[in-house]
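Data block below; observations after.
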Number of protein chains: 2
Amino acid sequence: MQKEIPLQDMQQDNEFERYESQFKALADKKRLHIMNILTQRGKTCVCDLAPLMGMTQSKLSYHLKILWDAGIIHKETKGTNSYYSINTKEINHLLSHELCCIFKPSC
Amino acid sequence: MQKEIPLQDMQQDNEFERYESQFKALADKKRLHIMNILTQRGKTCVCDLAPLMGMTQSKLSYHLKILWDAGIIHKETKGTNSYYSINTKEINHLLSHELCCIFKPSC
DNA sequence: AAAATTAATCAAAAAAAATTGATTAACATG
DNA sequence: CATGTTAATCAATTTTTTTTGATTAATTTT
């Protein structure tokens, strides 16, 4: 027998779950740094990002996957290269204008 | 011998560190729920919050401390009771207007 | 077609965060 | 002053996340 859970609570729970994963993605200095670099440089190849971050390829892939799974960066593959960039729409939806500035070259 | 680190990088590192702790605080479903309740009810006593969250006192204290350390909630003690509330200023600085709505009774 | 390049994935180990139950500290009440 | 209430802290355990190094898969180049 399953416990009755009101529909509204379930929707809210799902909403919280999505935000949880997005905040989790941002809750790390290294990943904030990645976000900042992607902002400055725009679409960037993993092969360029690795030396900029001073990170091994495998570690970088792990962190990029977390950002990508949370939907806050885009991914594009060309041949053997992968290019990542900020999902501006999602970031705008999530963060204050002030804070978005850290992830915007214009500021 | 210490490695030279440019001043700008250090400042940025500190900035990232602060945001890291704030996002970390928000990167948990239970804590988002706490934030939501504080938003709905305003200043709330721990003794009221515990049954609302269905949490033991010790666990709740742990999570409140994380939110408070990150500076996104206020704390006020009266006698043996502690009251917590949203730090609206800090939340506004951090989150988009849309998202603030989850933490604002007016929306 | 073989060799080289790039990035994702995997499994094991290490590190960090969360949970639990008990204790402590501060205050309030009879 | 003894008792009860509230919330913070602590230590031990469990769970989750991160790191590491190796392997794999896909594509490109020679």
Side-chain angles (χ1 to χ4, degrees), chain A residues 13 16-35 37-38 41-86, chain B residues 13 16-38 41-87:
Chain A
D13 201 62
F16 286 163
E17 218 153 294
R18 170 141 182 81
Y19 288 127
E20 181 186 45
S21 82
Q22 298 198 314
F23 288 133
K24 233 169 215 164
L26 294 173
D28 181 284
K29 243 203 300 186
K30 294 171 219 82
R31 292 194 288 267
L32 289 177
H33 191 190
I34 292 172
M35 293 293 286
I37 290 176
L38 291 184
R41 301 181 32 114
K43 194 193 293 182
T44 303
C45 178
V46 175
C47 57
D48 295 328
L49 205 49
L52 281 170
M53 287 294 300
M55 255 189 196
T56 61
Q57 180 270 315
S58 141
K59 200 174 179 175
L60 183 54
S61 264
Y62 168 77
H63 287 292
L64 285 168
K65 181 168 165 41
I66 286 174
L67 292 166
W68 184 75
D69 284 347
I72 60 184
I73 60 175
H74 293 300
K75 175 182 178 175
E76 197 180 326
T77 302
K78 258 185 187 162
T80 62
N81 295 341
S82 284
Y83 296 85
Y84 286 89
S85 57
I86 300 285
Chain B
D13 200 64
F16 286 163
E17 217 153 293
R18 170 141 184 81
Y19 287 128
E20 180 186 47
S21 83
Q22 298 198 313
F23 287 132
K24 234 169 215 163
L26 295 172
D28 183 282
K29 244 203 300 188
K30 296 173 218 82
R31 292 195 288 267
L32 289 176
H33 191 191
I34 292 173
M35 294 293 286
N36 187 242
I37 290 176
L38 292 184
R41 301 182 33 114
K43 195 193 293 182
T44 302
C45 179
V46 174
C47 58
D48 294 329
L49 204 49
L52 281 170
M53 287 294 300
M55 256 191 198
T56 62
Q57 180 269 316
S58 141
K59 200 173 178 175
L60 183 54
S61 265
Y62 169 78
H63 287 293
L64 286 168
K65 182 167 164 41
I66 286 173
L67 292 166
W68 184 76
D69 283 346
I72 60 182
I73 60 176
H74 293 299
K75 176 182 178 175
E76 198 179 327
T77 303
K78 258 185 186 161
T80 63
N81 294 341
S82 286
Y83 297 84
Y84 287 89
S85 57
I86 300 286
N87 183 342

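Chain letters run A, B, ... following the sequence lines, proteins first and then strands; every chain starts at 1.
The nearest whole Å value for the distance from the CG atom in Asp48(A) to the C1' atom in dT6(C) is 12 Å. Taking atom CD1 on Ile73(B) and atom P on dA7(D), their separation rounds to 13 Å, with Å as the unit. The CG-C1' distance, from Leu49(A) to dA8(C), rounds to 15 Å in whole Å. Remark: P of dA8(D) and CG of Asn81(B) are 10 Å apart, rounded to the nearest angstrom. Distance Met53(B) CE to dA7(D) P: 15 Å, rounded to the nearest Å. Here the C1' atom of nucleotide dT6(D) and the CG atom of Leu64(B) are 13 Å apart, to the nearest Å. Atom CD in Glu76(B) sits about 13 Å away from atom P in dA8(D), given to the nearest Å. The distance between atom CH2 of Trp68(B) and atom C1' of dT9(D), rounded to the nearest whole Å, is 14 Å.
Considering all non-hydrogen atoms of both residues, Glu20(B) and Asp28(A) come closest at OE2-CA, 3.5 Å. The shortest non-hydrogen separation linking Trp68(A) to Lys75(A) is NE1-CB, 3.4 Å. Among all heavy-atom pairs drawn from Leu67(B) and Ala25(B), the shortest one is CD2-O, 3.7 Å. Listed here is the closest heavy atom pair of His74(A) and Ile86(A): CD2-O, 3.5 Å. Residues Lys43(A) and Tyr83(A) share a closest heavy-atom pair of CG-CB, 3.6 Å.
Remark: Thr77(B) OG1 to Tyr84(B) OH distance equals 7.0 Å, nearest 0.5 Å. Going from atom CG of Leu26(A) over to atom CZ of Arg31(A) covers 8.5 Å, rounded to the nearest 0.5 Å.
Here salt bridge (Lys or Arg N to Asp or Glu O under 4.0 Å) pairs that include residues 51-72 of chain A, with residues two or more places apart or in two chains, are Lys65(A)-Asp69(A).
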Where protein sits on nucleotides 24-30 of chain C, one letter per nucleotide: B base, S sugar-phosphate only, - none, heavy atoms under 4.0 Å: --BBS--

Using a cut-off of 4.0 Å between protein heavy atoms and nucleotide atoms, how would you tag nucleotides 14-25 of chain D 5' to 3' with B, S and -? ---SBBBBB---

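Across all strands shown, Tyr83(B) has no heavy atoms under 4.0 Å from either base or sugar-phosphate atoms. Nucleic acid contact for Ser82(A): sugar-phosphate only, since backbone atoms but no base atoms lie under 4.0 Å from a heavy atom of the residue.
Side-chain contact of Ser61(B) with Gln57(B): a donor-acceptor pair under 3.5 Å is present, judged by distance alone.
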